[in-house]
Number of protein chains: 2
Amino acid sequence: MTSSSSGPGIRPVTALPPGEVPEVVISRLPQYVRILSQLLDAGEEVTNSQQLGEQLQVTPAQIRKDLSYFGRFGKQGRGYVVRDLLRELKQILGLNSEWNVAVVGVGRLGNAILNYPGFNPDGFHLVAAFDNNLANVGREVGGVSVQPMAEMAQTVADRSISIAIVAVPSAHTQTVIDQLVACGIRAILNYAPINAQVPDGIRVRSIDPVLALQSMTYYLTEDGPSINGSTAAR
Amino acid sequence: MTSSSSGPGIRPVTALPPGEVPEVVISRLPQYVRILSQLLDAGEEVTNSQQLGEQLQVTPAQIRKDLSYFGRFGKQGRGYVVRDLLRELKQILGLNSEWNVAVVGVGRLGNAILNYPGFNPDGFHLVAAFDNNLANVGREVGGVSVQPMAEMAQTVADRSISIAIVAVPSAHTQTVIDQLVACGIRAILNYAPINAQVPDGIRVRSIDPVLALQSMTYYLTEDGPSINGSTAAR
DNA sequence: GACTGTGAAAAGTTTCACAGCT
DNA sequence: AGCTGTGAAACTTTTCACAGTC
């Protein structure tokens, strides 16, 4: 790696802290899990990096490299046993565990989330819901009884909740997230269009359809994206 | 730019095709727009890369570099005029235009999307909705009348729709996307948990809360992410 | 004095290409 | 023969650091 002919002294060659897996790699694993699940459902018993790459639109080399961070799951000359690789990846991601999830905010969006059937099949269980509007407290939404915010700490502890989905108005989001962090929550899925600040070690992912749309319009302008000065207004 | 003392020969130093802006840069611009809007609402007249970086949790250098792909928007020694930079970025992203958007699929999710008030303030107008379930056709949802799929091509053309939001079951998503592409749609926001295949030049962004959750559980396992047999310390 | 804009260095990520196992 | 696993190369993205400008 130190191929640079210059530089007389010691070069720190290992860029990555040993044992650390790049975050981009982690972010791709769930997609591998999904494809493997589909292959399993379709009755496929073996696959290979070529086939997986086609499904995901990435190069076979990338898939092999990603997997190599965790071990050697394939058989040379044959490929991967779908069921085995799926089990390994789920294990790595912690998807063999069941995860209890709290939803904070039971407005229109929170309601939709609590009624959405797509989380449970993947091992996520929405087991609690909180709202600061007393009119909502006590209501039954998606099989869960809405509790007041004051009960959050207790319930999070009692029910071993480690993940929260935040669906409150932007103005309240940072406060709610601070409360959740204080309760020991370490992963947050945020639906508000804001950039929440959290301490180190707390993971946040945001669902932000407006940002997604806005990052596409750039490519939609009449005659292609305008380049630095030339091609001005449309 | 200052020292234009170019080298002796022709060196392909620029790895990037000239005039091309990296996609990661584009994906950050909407966030800059959002922060600048907030600063403007808060009455701030000027800002700088330091302040923007704090809000977005990125380095000031990155912000300056990102902006430098498009021009020189700051004043040395002073920073950026909030209003001006905001206008420039909106221009670059095409957010000064109004965009007509179609929603395909008016089930629970499509309903929630059509009733969500968060798109319009940003210049996106949900002006049409389609569903293949005739029981839904003719219903009025979020101020839009649901049309049969068969009318899609006509309506997309008539109403200059260039963006679609797809909220149909996974099994139908690829078919619907193919139809949309055939109608001339070039940007798609997909809510189904699948990896859609589209021709070159068509942009797709997916909203996928399950993938987001699954990419966080890795970091939640009891004693830190396990590394290939051994266990990483925390 | 303060802050931008930007080449150049560093860090990170992807792809290549091939030895080696089945 | 077919495909993995992996060092090394190629490429991309971020960060540094400072000349230049206000």
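Numbers restart at 1 for each chain; the letters A, B, ... are given by sequence-line order, proteins then strands.
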Given side chains that start at C-beta, do those of B:Ile177 and B:Val104 come closer than 4.5 Å, heavy atoms only?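 They are not in side-chain contact.
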
Going by an N to O cut-off under 4.0 Å, is there a salt bridge joining [X] and [Y]?
X	Y	value
B:Arg203	B:Glu23	yes
A:Arg34	B:Asp208	yes
B:Glu45	B:Arg78	no

Write down the distance between [atom1] ([X]) and [atom2] ([N]), rounded to a whole number of angstrom.
X	N	atom1	atom2	value
A:Arg64	D:dT6	CZ	C1'	9 Å
A:Lys75	D:dG2	NZ	C1'	15 Å
A:Leu56	C:dT14	CG	P	13 Å
A:Gln51	D:dG2	CD	P	16 Å
B:Asn48	C:dT4	CG	C1'	10 Å
B:Gln50	C:dG5	CD	P	15 Å
A:Gln57	C:dT15	CD	C1'	17 Å
A:Gln62	D:dT4	CD	P	15 Å

Looking only at side-chain N and O atoms, does B:Tyr32 offer a donor or acceptor that is under 3.5 Å from a partner on B:Asp66?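 Yes, a side-chain donor-acceptor pair sits under 3.5 Å.
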
Does [X] make a side-chain N or O approach to OP1 or OP2 of [N] shorter than 4.0 Å?
X	N	value
A:Arg72	D:dT6	yes
A:Tyr80	C:dT22	no
A:Tyr69	C:dT14	no
A:Thr59	C:dT15	yes

Return yes if the base of C:dT22 and the side-chain atoms of A:Gln76 contain a donor-acceptor N/O pair under 3.5 Å, otherwise no.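 It does not, because no donor-acceptor pair links the side chain of A:Gln76 to the base of C:dT22 below 3.5 Å.
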
Which atom names give the shortest non-hydrogen contact between A:Ile207 and B:Pro209, and what distance separates them?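 Closest approach of A:Ile207 to B:Pro209, heavy atoms only: CD1-CA, 3.9 Å.
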
Between A:Gln51 and A:Val46, what is the shortest heavy-atom contact and its length?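 Scanning both residues completely, I find the closest heavy atoms to be OE1-O, 4.1 Å.
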
On DNA chain C, nearest-nucleotide positions of A:Gly77 versus A:Val24: which is more 5'?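 Looking at DNA chain C, the more 5' nearest nucleotide goes with A:Val24.
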
Could you check A:Asp66 against A:Gly79 and say which one's nearest nucleotide on DNA chain D is further toward the 5' end?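 It is A:Gly79 whose nearest nucleotide is closer to the 5' end.
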
Please work out which residues in residues 28-45 of chain B have a non-hydrogen atom less than 4.0 Å from an atom of DNA chain C and list them by number.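 Close to the strand, none.
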
